[in-house]
Protein chains: 2
Amino acid sequence: MAGIKDIAKLTGLSLATISRVFNDSPLVSKKTKDKVLKAAKKLDYQPNLMAAALRSGKSKIIGVVVPEINNSFFSKIINGIEQKANAHKYTIIIAQSHESKERETKAIQSLIQSKVDGILISISKETDDFDIINRLDSNGTPIVFFDRIPPLENVNQVVFDDYEGAYIATKHLIEQRCNRIIHIAGNPKISIHKKRQNGFIDALKKNNYPFIESDIIHLTMDESEDIKTIQKLLKNKISFDGVFAHGDESCLYLLNVLKTIGVSVPKNVKLIGFGNNKFSELIQPKLSTIDQRCLEMGELATSRLLELLKSKNRMNPETTILSPKLIIRASSSF
Amino acid sequence: MAGIKDIAKLTGLSLATISRVFNDSPLVSKKTKDKVLKAAKKLDYQPNLMAAALRSGKSKIIGVVVPEINNSFFSKIINGIEQKANAHKYTIIIAQSHESKERETKAIQSLIQSKVDGILISISKETDDFDIINRLDSNGTPIVFFDRIPPLENVNQVVFDDYEGAYIATKHLIEQRCNRIIHIAGNPKISIHKKRQNGFIDALKKNNYPFIESDIIHLTMDESEDIKTIQKLLKNKISFDGVFAHGDESCLYLLNVLKTIGVSVPKNVKLIGFGNNKFSELIQPKLSTIDQRCLEMGELATSRLLELLKSKNRMNPETTILSPKLIIRASSSF
DNA sequence: ATGAAAGCGCTAACAG
DNA sequence: CTGTTAGCGCTTTCAT
């Protein structure tokens, strides 16, 4: 493996000059630069990033921590991160927490030891203490949270507006002339699910729809039981004709339940999900949904981190809120 | 950030001893070891992996190149890789080629510069020259291919037995008493699709089913056109009652087509896909499919790389073939 | 515009 | 079992 030493030998220049060439220093004449580049090519020179990092104190690596990469939501965000990072000559290291607090801590530790310049993280469901984050802070490693944020003040974060997403999804069903709309809810202990639920409720209220507690449905995922639940609802005085599900998965599940009991979508009941999952376009009818603009979330979080990395003095924490996008497909159309 | 120097100062020991402690050298007394560990904790010491790597020539990092992480197949394999690698104190760096030869080359280049100890790669569809691989070889960086392998001799590789998978899928339909089975084929230029096609054909032949060219169907993904194709097939003298699709996506697509034209699955037609995609369990009826044991593929590839990393002398290349697993669900059951 | 020299934090002979 | 020392490949003052 050729190093700058070899180039120095070949060109008769000093190490410093060679180094300057590869760091785009303006202090080198075009002539020498060309000479160095030519020699580098000849020797198939590959800079040793580790040595550079060790010496300069900057690794040009961004650490990314997500619960799971085998999750379209996160892997799309990662694509956004990668894109932005690479465009700025940064490399990323991805670590997974697998929703475990312990593994998350280990992952962060490992990133610190790998001397990442900054960290982008979406915290695990388990995480409830934030010592590591404080440690990172005192360490001087900038950190930007995305999507799953900790309940802390004064942090940089990029979040998705779940409330707004739920609101426009529900409003869409109203505009499609649904008379009674129900919500397939997620676990309200999880903040995004709670927000989606609130968006649903407020959309009803603001549009003068009566809201009753029983409009919010919790499915068990035990099919025969859920079929009973749905059938009972359909036999109500005012049967429902619109459904906003907190996620595409539960929307698909409900679609199957409705098919089983012979309810036609979108003719009898209109459906909208949340998340713009890949499969939502593959099934019949195609699912209307809320797109979360994952790519942009990744890009925004990275841009913010890059800013923090650039400025030497502490910057004021910033919260970026990403607005959702309504995707209308067959499941909610006339 | 505390370093071993600080620990040395605090304990009154030499750098070498401190270093030995963290490298689990047997040459340190229990007493000193404890003293060092205690001091390390007190100072919140984090080893600088880059410095260690630079000095030792071993980064303990494995580079992983895949076409796309936003693809369940690859992200599952990555989970297998991560698991095995972490268990052996290795970190992984993931890079994506996005199916571009150029970006793949860049990704590999970047991994080299990051001084990874070895590389695991599934090559992009575009890749047709293998200079980089030769370069890696001369460089001494061990490399193990998985799933998408290059047409080269003498390489270490772990592949999935697509032929066998197709064979047992088809055989399963035969055992379910299907009389005429068709195959929704992929692009035969892609080797795995070709293999699946061959597995299908051989399963028919070996079981004394007549095989005619027209049993292999290419769908256009233009729905109205495909509906016509399928309807024509159903009106044949011998209508089909079994379908083996080269992937779960096309299987789902076909399922929707069949639903549209009123053909019941599995009553009239039995279906089996390939890949055990996440959604194959979410839809109705649940899809029978072939599971590719991605996790194991990741683990096996990593194990092989770890072996290469351990042994100093060149080892003989090895090809590992992973057998598929039949998953029977509602779409092909009685 | 170029060079000399120090050193980033750690490991690995070698010596004791 | 512990210490001394050189140096991994590069960047970065400081000098010229």
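We name chains A, B, ... by the order of the sequence lines, and we start the count at 1 in each one.
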Asks: If we ignore angles and hydrogens, is there a donor and acceptor under 3.5 Å between the side chains of A/H98 and B/E82?
Replies: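 Yes - a donor-acceptor pair under 3.5 Å links their side chains.
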Asks: Quick check: on DNA chain D, is the nucleotide nearest A/L49 upstream (toward 5') of the one nearest B/S29, or the reverse? Name the residue that is more 5'.
Replies: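 Nearest-nucleotide comparison on DNA chain D picks B/S29.
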Asks: Across the strands shown, which category fits A/A52 at heavy-atom distances under 4.0 angstrom: base, sugar-phosphate, nothing?
Replies: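 Sugar-phosphate contact only.
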Asks: Rounded to whole Å, how long is the line connecting atom CG of B/L43 with atom C1' of C/dG9?
Replies: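 Interatomic distance, CG of B/L43 to C1' of C/dG9: 15 Å.
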Asks: Compute whether any side-chain donor of one residue and acceptor of the other, for B/D117 and B/S59, lie under 3.5 angstrom apart.
Replies: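 Checked: B/D117/B/S59 side chains pair up, N/O donor to acceptor below 3.5 Å.
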Asks: Out of A/L49, A/I93, A/I61, which residue meets the side chain to side chain contact (heavy atoms under 4.5 Å, CB included) rule with B/S114?
Replies: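 Option passing the side chain to side chain contact (heavy atoms under 4.5 Å, CB included) with B/S114: A/L49.
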Asks: Whole Å only: how far is the NZ atom of A/K60 from the P atom of D/dT11?
Replies: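 These atoms are roughly 12 Å apart.
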Asks: What does A/Y45 touch in the nucleic acid at a heavy-atom separation under 4.0 angstrom: a base, only the sugar-phosphate, or nothing?
Replies: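 If one applies the 4.0 Å heavy-atom cut-off, A/Y45 turns out to touch the sugar-phosphate alone, with no base involved.
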Asks: What is the distance from NZ of B/K58 to C1' of D/dG9, rounded to the nearest Å?
Replies: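 Taking atom C1' of D/dG9 as the reference, NZ of B/K58 is at 17 Å.
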Asks: Name the closest nucleotide to the B/L13 side chain, picking from C/dC10, C/dT2, D/dG3.
Replies: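 Nearest nucleotide to the side chain: D/dG3.
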Asks: Between D/dC10, D/dT2, D/dC8, which nucleotide has the shortest distance from any of its atoms to the side chain of A/I4?
Replies: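 Looking only at side-chain atoms, A/I4 lies closest to D/dC10.
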Asks: Answer yes or no: side-chain N or O of B/R20 and base N or O of D/dG3 forming a donor-acceptor pair under 3.5 Å.
Replies: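 Such a pair exists between side chain and base.
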Asks: Given D/dT11, C/dT2, D/dG9, which nucleotide is nearest the side-chain atoms of A/L27?
Replies: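 Closest nucleotide to the A/L27 side chain: C/dT2.
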Asks: Indicate whether any N or O donor in one side chain lies under 3.5 Å from an N or O acceptor in the other, for B/S100 and B/S97.
Replies: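 No pair is found: no donor N or O on one side chain lies under 3.5 Å from an acceptor on the other.
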Asks: Considering only side-chain heavy atoms of B/L54, which listed nucleotide, C/dG9, C/dA1, D/dG3, is closest?
Replies: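 The nucleotide sitting nearest to the side chain is C/dG9.
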Asks: Just the rounded figure in Å: distance from C1' of C/dC8 to CG of B/D6.
Replies: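 Rounding to the nearest Å, CG of B/D6 and C1' of C/dC8 are 14 Å apart.
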Asks: Testing the basics here: between A/P150 and A/F130, what is the closest heavy-atom pair and its distance to 0.1 Å?
Replies: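 Between these two residues, the closest heavy atoms are CB-CE2, 3.5 Å.
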Asks: Nearest of C/dG3, C/dG9, C/dT11 to any side-chain atom of A/S14?
Replies: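 Of C/dG3, C/dG9, C/dT11, C/dG3 is nearest to the side chain of A/S14.
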Asks: Can you measure A/I18 atom CD1 to D/dT11 atom P for me and round it to whole angstrom units?
Replies: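 Taking atom P of D/dT11 as the reference, CD1 of A/I18 is at 11 Å.
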Asks: Report the nucleotide, chosen from D/dC10, D/dT4, D/dG7, that has the shortest atom-to-atom distance to any side-chain atom of B/R55.
Replies: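 So the nucleotide nearest the side chain must be D/dG7.
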Asks: Can you tell me which nucleotide in C/dT11, D/dT11, D/dG9 comes closest to the side chain of A/S56?
Replies: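 My answer, after comparing the listed nucleotides, is D/dT11.
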